[in-house]
Every structure is written in C-alpha cells, then in structure tokens.
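One structure is given here, and the rest of the page talks about it.
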Amino acid sequence: MYPDRVVSGMRPTGAMHLGHFHGALKNWVKLQSELPCLFFVADWHALTTHYDDPSIIETSTWDMLIDWLAAGVDPSQATLFIQSQVPEHAELHLLLSMATPLGWLERVPTYKDQQEKLADRDLATYGFLGYPLLQAADVLIYRASQVPVGADQVPHVEMMREIARRFNHLYGKEKGFEEKARDAVKKLGGKRAKIYNELRNAYQEQGQGEALEQAKAMLDDTQNLSMIDRERLFGYLEGSRKLILVEPQSRLTESSRLPGLDGQKMSKSYGNSIALREDKDSLTKKIRTMPTDPARVRRTDPGDPDRCPVWQLHLVYSDQPTKEWAAKGCKSAGIGCLECKQPVIDAILKEQEPMRERAQVYLDDPSLVRAIVADGCDTARKLAQETMRDVREAMGLSYS
Ligand code: SF4
C-alpha cells in the first residue's frame, strides 16, 4: 500500500488570526510530528471566488507562510509548498473532470451555500463549480491517506473517495491483469501465497472484511515485492483493478473554536479578529474594549459569563482556578470587567511571544521563506509526478 500521508491546504487570506491558529494551525503542528505532512497554499482556490481581483494573492501567500512558520509549522518535519507551483494539480484536475458527473459537484453542500453567502459576487462560473474537484486533485495527487477536516468538510472528502474509486474502476484495468496478479501472488512465496489466496477467497466469496484487513496487513509487511506488484495484489484482493488513486480518510480536527471580539465567528471581514502576531498595545486595546455582558452597566451590577464574549476567551485560554475566579467574580460583581479581561490579555501575549520571535527571523530575511517553499515545491512535485506517470499510463496518455 502507499505510505500514510496527510495533505492539507489553506487559501491565502493574508495574515492569519487566532481563529486560524486554534482552528487549524495548532492541529497541523501536532500532525507534523506524527505523520508525513504536505501543507500547501491554495492560491488557485483563491481565484475560484476572487478571480476578479488577484492582486493580493502573492503578498497574502507570503504573509500566510510566515504565520504558518511562526505558529510552529516546521519545514524540517512538513513539506510546505504553493499549489500553483506544482502544475500537476491542474493536469489531474482536468483529467478527473472528464469522468466526474456534474451532479456530484452540484450536490456538494457548500456549493449553494457559498453562492448565497457571497451573493455580491458572480459565482456562476466553471471554476467555482469545479473547486471541490480541484480539492480532490490536490489530495489524490499525493495519494494521501488522511485529510484533516472539520465536520462540515467531511462530504468533500467523501466525494474525493468516490472520485478515486471511480477512477480506479474506469482506468485501473490493466492488460493481462489477472495473469500478472497471479504471478505476483507466486512471488509472495509458498506459505504467504496460500494465506493470501485463502484470505482473498474469504473476502470475495463470504464478504469477510476482517480477511481483507488481514491480507492488507500481510502485504504491508512483505518486503520482497516491487511497488507495482504490491499495488496489483492490493487491487486483486478487492477485484480485478489496480489501485492508482488512494481513497483518503477524513481525520476530524480536534480544535477549539475561538470566537471573535464580538462573540461571533472570528473573521477579518467581520472586523472582530486578533491577528496571530497582533502588536502588544493593539491586542491589549482590543480586549480592553471588547463588549461584555450588557447587564453589567455599572461595576456593581452582577453579570452572566454565558452572555459575555470575554468568557469564551477564558474558556480557551484560562486554567480552572482562573475560570472559577472570573465566573464567581462576574456573578457576584466582585470583580470589574477590566480586571476579568487581564488574565486573557496575559495568556494571549504569552502564547504569541514565541510566534513573534519565530516570525522575526523570517521577516528579517525573507529569502529563508522563499528557500523553504522552493524546497517544498520540489518535494511535492516529485511526488505529484510519480502519481501522474501512473495516471497518464492508465488513461492511455503516456506515449512511451
Ligand atoms: S466580569 Fe468578565 S465575564 Fe463578566 S461580564 Fe465582565 S468581562 Fe464578562
């Protein structure tokens, strides 16, 4: 089987805010030490909704990359690259589009949703309809086994799986496959070949899923097989097709949703965000002027933390004793709102300190970021080219 690999991307929206950090970046930092990860700037995706104003894409891309590095994404552990610098994504997108039913794209829940939300833009475009397919190409081209997503994006990964399955079904047919697969079984050696055949029969004749898993595990452990024979044997287990594209799994992101300064979802366009590297004075001012429970008109009026956006920040940033102190002090009017906000200010500043330090290195020498991305693009491109060789061959486009 292909190695485990995680792929995830973000649109270049410019400097990141703390909502991005808690919603995604923190998870990337954790993932990079567990599995090989590819993280990319989805600059083509930015064009699907903002095709009429590409002027900010480039600056936003570099700003965002500095924020990734500041947040702790480590280029010695993860591959960082820019989508448009690996043009194979576009080739796979085009080839997949040949066989993807239009209905699959039209029924993606975010399609209508986004069109309604972004009603000020004309999104009746071919690029916008096709963006989930481009996302599928972004993932399938690396034969990724896992995609970190929030619950709302699970249907996108489901569609990627359907697309991979359909592709393998249509194009995984190899001339003389059965014979080549049987030869590959022999290469397993007498005992293993026998077990493989028994497990394959148990799965194909009696539908025993456990037998399928055992056979896959055995193939994973087998050293003396070429990559192509290994893939034939994986495909032979389930039918008579080679697995060219891998069906990725959703990996649900454990993230805490950090609300904005007004308690709504944090977003730059709502004007309620705190930048990842917000300047100390500006951060302090933003929190100090945050709205609180409207019932606390005077210092002596008791409040209700559940009606206050500052409390939401306590839930993310404060330890148990601080939360108890704030809740009790709020309800009894024992503390004032400015007092209550101070531990939140301190905690955010503390969280940001190492980020500011890491970012400074790249701000002082932007060529470092360029070099990291150039390396990442090379690595990503090599992987993408491997997949595209198989895809072209399967689709009769290899011309060799
Ligand atoms: S005391 Fe704290 S939780 Fe209560 S209203 Fe003021 S800021 Fe909000």
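Indexing begins at 1, ligand by ligand and atom by atom, following the structure's order.
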Give a yes or no on whether E179 atom CD has more than 12 heavy-atom contacts from other residues, nucleotides or ligands under 6.0 Å away.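 No.
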Please give me the minimum heavy-atom distance between G150 and T253, naming the atom from each residue.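 Heavy atoms only, the tightest pair is N-OG1, 3.9 Å.
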So which atom in W68 and which in L25 form the shortest heavy-atom distance, rounded to 0.1 Å?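 What the structure gives for the nearest pair is CD1-CD2, 3.6 Å.
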Please evaluate residues Q206 and Q208 with respect to the criterion side chain to side chain donor-acceptor pair (under 3.5 Å), reporting the C-alpha separation (whole Å), side-chain torsions for both, the decisive distance (0.1 Å), and the verdict. CA-CA 6 Å; Q206 294 147 40; Q208 290 182 19; 2.7 Å; yes
Can you confirm whether or not the ring centre of Y142 sits under 6.0 Å from the ring centre of F81?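 When the ring centroids of Y142 and F81 are compared, they turn out to be within the sub-6.0 Å range.
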Distance check, rounded to the nearest 0.5 Å: H45 atom NE2 versus T48 atom OG1?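 With rounding to 0.5 Å, NE2 (H45) is 7.0 Å from OG1 (T48).
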Around ligand 1, what residues show up once you keep those with a heavy atom under 4.0 Å from it?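 Ligand 1 is contacted, at a heavy-atom distance under 4.0 Å, by T292, D293, R296, C308, V310, C330, C337, C340.
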